Amino acid sequence: MGRRTTRSATDARAGQAGLPGPLAQDIHWAGERRTAIGVAFLLFTALFALDAGAGRFDPTRGALWTGLAVLLFAVLLPPRVSTRPGVLSARGLLVERSVRTDSLVSVRWSDGVAQRMILRDTDGGRVEIDPAVLIRNPAMWQRVDTDTRTSIQRGTLLCGATALRRLAARIDRETAQTVFKVSGLQ
């Protein structure tokens with residue numbers, strides 16, 4: 001059963017299980033998409049203008065610059081993350097991956113240049129997201145937090161409770177700092 005379909009098997013099972021509910025999406029994704037488009041267009045325009053100014057522009061170079069701009073856009077565009085009761089989905093340009101958050105097996109951190117959180121469920125689903133998405137979207141975090149508590153209660157979450165506590169502490173800390181800043185106490 002492939003995981004590289006537009007609608008994954010986990011999504012199909014979630015729909016069959018009667019898990020409709022409010023959908024929470026990354027409220028900053030549209031801005032990040034606009035930024036990716038803008039940067040790619042800026043690169044294309046700069047390369048096109050340089051070639052035209054030097055008198056070296058031809059269709060082959062135009063196609064090369066277009067391909068380079070499209071590639072940059074594909075690299076910069078973050079996946080669109082959304083949650084609904086029991087399911088977290090991340091949709092990229094070509095692939096949508098989903099994981100059942102109420103039956104997680106593991107939650108791991110991948111520290112590096114870009115911090116990532118990797119979630120796996122009992123059905124074999126795997127989603128990799130930037131934890132900042134959950135930090136800056138309280139509705140998404142609340143849904144994921146509620147569902148991961150269900151995983152812990154069911155005993156399916158074998159690895160990752162510490163990672164989730166660490167994320168919850170970070171979210172609480174940043175929320176408190178925001179409240180203090182808005183109220184003028186900081």
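All of these numbers come straight from a predicted model, not from anything done at the bench.
- By the criterion of side-chain heavy atoms lying less than 4.5 angstrom apart, applied directly or through intervening Ile, Leu, Val, Met, Phe, Trp or Tyr residues, Val70 is not grouped with Leu76; the two fall into different hydrophobic clusters.
- When every heavy atom of Val107 is checked against every heavy atom of Leu104, the shortest pair comes out as CG2-CD1, 3.9 Å.
- In this structure, NE2 in His28 is found 5.5 Å from CZ in Arg136, a value given to the nearest 0.5 Å.
- Residues Phe73 and Leu47 are members of separate hydrophobic clusters, defined by side-chain heavy-atom contacts under 4.5 angstrom among Ile, Leu, Val, Met, Phe, Trp and Tyr.
- Hydrophobic cluster membership differs between Val99 and Ile118, with clusters built from Ile, Leu, Val, Met, Phe, Trp and Tyr side chains linked at under 4.5 angstrom.
- To the nearest 0.5 angstrom, Ser110 atom OG is 8.5 Å from Gln115 atom CD.
- Formation of a donor-acceptor pair under 3.5 Å by the Asp102 side chain with backbone atoms of Asp147 is not found in this model.
- Across every non-hydrogen atom of Trp109 and Ala163, the tightest pair is NE1-CB, 2.7 Å.
- The 12-atom threshold is exceeded at CZ of Arg33, counting heavy atoms of other residues, nucleotides or ligands nearer than 6.0 Å.
- In the hydrophobic clustering of this structure, Leu119 groups with Ile152; members are Ile, Leu, Val, Met, Phe, Trp, Tyr whose side-chain heavy atoms approach within less than 4.5 Å, directly or through other members.
- To the nearest 0.5 Å, atom CG of residue Leu71 and atom OG1 of residue Thr66 are 12.5 Å apart.
- Every residue meeting the side-chain hydrogen bond (donor to acceptor under 3.5 Å, both in side chains) condition with Asn137, not counting sequence neighbours, appears here in chain and number order: Asp26.
- Considering all non-hydrogen atoms of both residues, Met117 and Leu167 come closest at SD-CD2, 3.8 Å.
- You'll find the side chain of Asp145 stays beyond 4.5 Å of the side chain of Ile171, heavy atoms only.
- Side-chain atoms of Asp123 never come within 3.5 Å of backbone atoms of Gly125 as a donor-acceptor pair (strictly under, hydrogens ignored).
- For the atom pair CG (Leu42) and OG1 (Thr35), the distance works out to 12.0 Å, reported to the nearest 0.5 Å.
- Across every non-hydrogen atom of Phe44 and Gly62, the tightest pair is CE1-O, 4.3 Å.
- Cluster membership check: Ile37 does not share its hydrophobic cluster with Trp65, using side-chain heavy-atom separations under 4.5 Å among Ile, Leu, Val, Met, Phe, Trp and Tyr.
- Residue-environment remark: CD (Gln142) stays at or below the threshold of 12 foreign heavy atoms within 6.0 Å.
- In this structure, Trp29 contributes its side chain and Val81 its backbone to no donor-acceptor pair below 3.5 Å.
- Here the CD atom belonging to Glu96 is positioned 12.5 Å from the CG atom belonging to Leu94, to the nearest 0.5 angstrom.
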### Query
Would Thr122 and Arg100 count as a side chain to side chain contact (heavy atoms under 4.5 Å, CB included) if you check the C-alpha gap in whole Å, the side-chain angles of each, and the deciding distance to 0.1 Å?
CA-CA 8 Å; Thr122 55; Arg100 291 291 311 257; 5.8 Å; no

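- For CZ of Arg116, the number of neighbouring non-hydrogen atoms (other residues, nucleotides, ligands) closer than 6.0 Å is greater than 12.
- Checking side-chain atoms of Ser151 against main-chain N and O of Thr101 turns up a donor-acceptor pair under 3.5 Å.
- Annotation: ring pair (Phe, Tyr, Trp, His ring centres under 6.0 Å) contacts of Phe57 (sequence neighbours excluded): Phe48.
- Considering every non-hydrogen atom in both Val127 and Ser98, the closest pair reads CG2-C, 3.6 Å.
- Of the inter-residue distances, the one linking Arg143 atom CZ with Thr148 atom OG1 reads 10.0 Å to the nearest 0.5 angstrom.
- Residue Arg154 comes nearest to Ser103 through the heavy atom pair NH1-CB, 4.3 Å, listed as atom of the first residue, atom of the second, then distance.
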